[in-house]
Amino acid sequence: MPKALGPADFAGDAAEVAVTLIGATLLVDGVGGMIVETEAYDREDAASHSHSGPTPRNQAMFGPPGRAYVYRSYGIHWCLNFVCRASGHGAGVLIRAIEPLKGIAEMRDRRGLEDVKLLCAGPGRVGQALGIVHAMNGMRLDRQPFRVLAAEGPRDVVVGPRIGISKAAEVPWRFGLAGSKFLSRRFPSHSAIIRA
DNA sequence: AAAGCGATGTGCT
DNA sequence: GCACATCGCTTTA
């Protein structure tokens, strides 16, 4: 049985934690699967919500690590981040894609879609499939309804530029499980691969 | 295969 | 106003 991640496991830099999370398992009320794609964001990063300091929306990013930061994207989707570093730092990891493993019937129901490859292939889709709601903002990731279980064994992790941003677009802070069929998009060919 | 666009909330200039 | 850490549908090539 893999180890459940707690606050201490989120104390590292956003990029470091983002790599650690590739291959980890995320369940929300028992529904979810293996995290296959993440992006890192940090205060010193023009693309981050936390870049210009605390606001009512992003305050969870400035709170303790190991908690959820949930934000509304394009007025429609709820997207889930894991807060990292330490209180006040404004760092987090966006969960961009999951390989569905548990509660697939419920995820299909919520998404109104059969194709398992598309259930959680993108941050908005993850939010819808896992039933993420704004009330989960700031909640601990080591308590109900969340469960985060550490990845087991070494993984090959693809590294590339983040998606859908204009500022700091070259920063290579998007990470994916090499060869996964559940990514939100392919990584550019020739992307670097690291062993984690 | 790619590009365009509507839906629609929230934060910033 | 306008941009935005998006998605799904439609149109064009």
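The structure displayed is predicted, hence computed values, not measured ones. Below, read A as the first sequence line, B as the second, and so on, with proteins coming before strands; counting in each chain starts at 1.
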Worksheet item: Just by protein heavy atoms under 4.0 Å, how would nucleotides 6-13 of chain C read 5' to 3' in B, S and -?
Response: BSS-----
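In this structure, N58(A) contributes its side chain and G53(A) its backbone to a donor-acceptor pair below 3.5 Å. With hydrogens and angles ignored, the 3.5 Å screen pairs no side-chain donor or acceptor of E37(A) with any backbone N or O of I95(A). Checked by atom type and distance alone, the side chain of R110(A) pairs as donor or acceptor with a backbone atom of A129(A) at under 3.5 Å.
Residue pairs satisfying the ring pair (Phe, Tyr, Trp, His ring centres under 6.0 Å) criterion with at least one member in residues 87-112 of chain A, sequence neighbours excluded, are absent. Applying the ring pair (Phe, Tyr, Trp, His ring centres under 6.0 Å) test to residues at least two apart or on different chains, the pairs with a partner in residues 97-148 of chain A are W78(A)-H134(A).
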Worksheet item: In dot-bracket form, how is DNA chain B paired, counting a Watson-Crick or G-U wobble pair only if both its distances are under 3.5 Å and using | for bases paired to another strand?
Response: |||||||.||||.
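A cation-pi geometry, defined here as NZ or CZ lying under 6.0 Å from the six-membered ring centre and within 45° of its normal, does not hold between R155(A) and F175(A).
Once rounded to the nearest 0.5 Å, the distance linking CZ of F62(A) with OG1 of T55(A) reads 7.5 Å.
Of all nucleotides in DNA chain B, those with any atom nearer than 4.0 Å to a heavy atom of chain A start and finish, going 5' to 3', at dA7(B) to dC12(B).
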Which atom pairs, one a donor and one an acceptor, fall under 3.5 Å between side chains of residues 185-196 of chain A and the rest of the protein, sequence neighbours left out?
residue : atom : partner : partner atom : Å
S191(A) : OG   : P188(A) : O            : 2.6
R195(A) : NH1  : D156(A) : OD1          : 3.0
R195(A) : NH1  : D156(A) : OD2          : 3.2

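Here, dA13(C) and dC5(B) have their P atoms 13 Å apart, quoted to the whole Å. Comparing the P positions of dA5(C) and dA2(B) gives a spacing of 24 Å, expressed to the nearest Å.
Residues that satisfy the side-chain contact (heavy atoms from CB on, under 4.5 Å) test with N81(A), not counting sequence neighbours, are Y69(A), Y71(A), L94(A). Listed by chain and number, the residues in a ring-ring contact (aromatic ring centres under 6.0 Å, His included) with F82(A) are F10(A) (sequence neighbours excluded). Residues meeting the side chain to side chain donor-acceptor pair (under 3.5 Å) test with E99(A), sequence neighbours left out: none. With sequence neighbours left out, the salt bridge (charged side-chain N to carboxylate O under 4.0 Å, His left out) criterion links R140(A) to D142(A). Not a single salt bridge (charged side-chain N to carboxylate O under 4.0 Å, His left out) links K102(A) to another residue, sequence neighbours left out.
Annotation: proximity of residues 41-59 of chain A to DNA chain C (heavy atom, distance under 4.0 Å) is found for Y41(A), A47(A), H49(A), numbered in ascending order.
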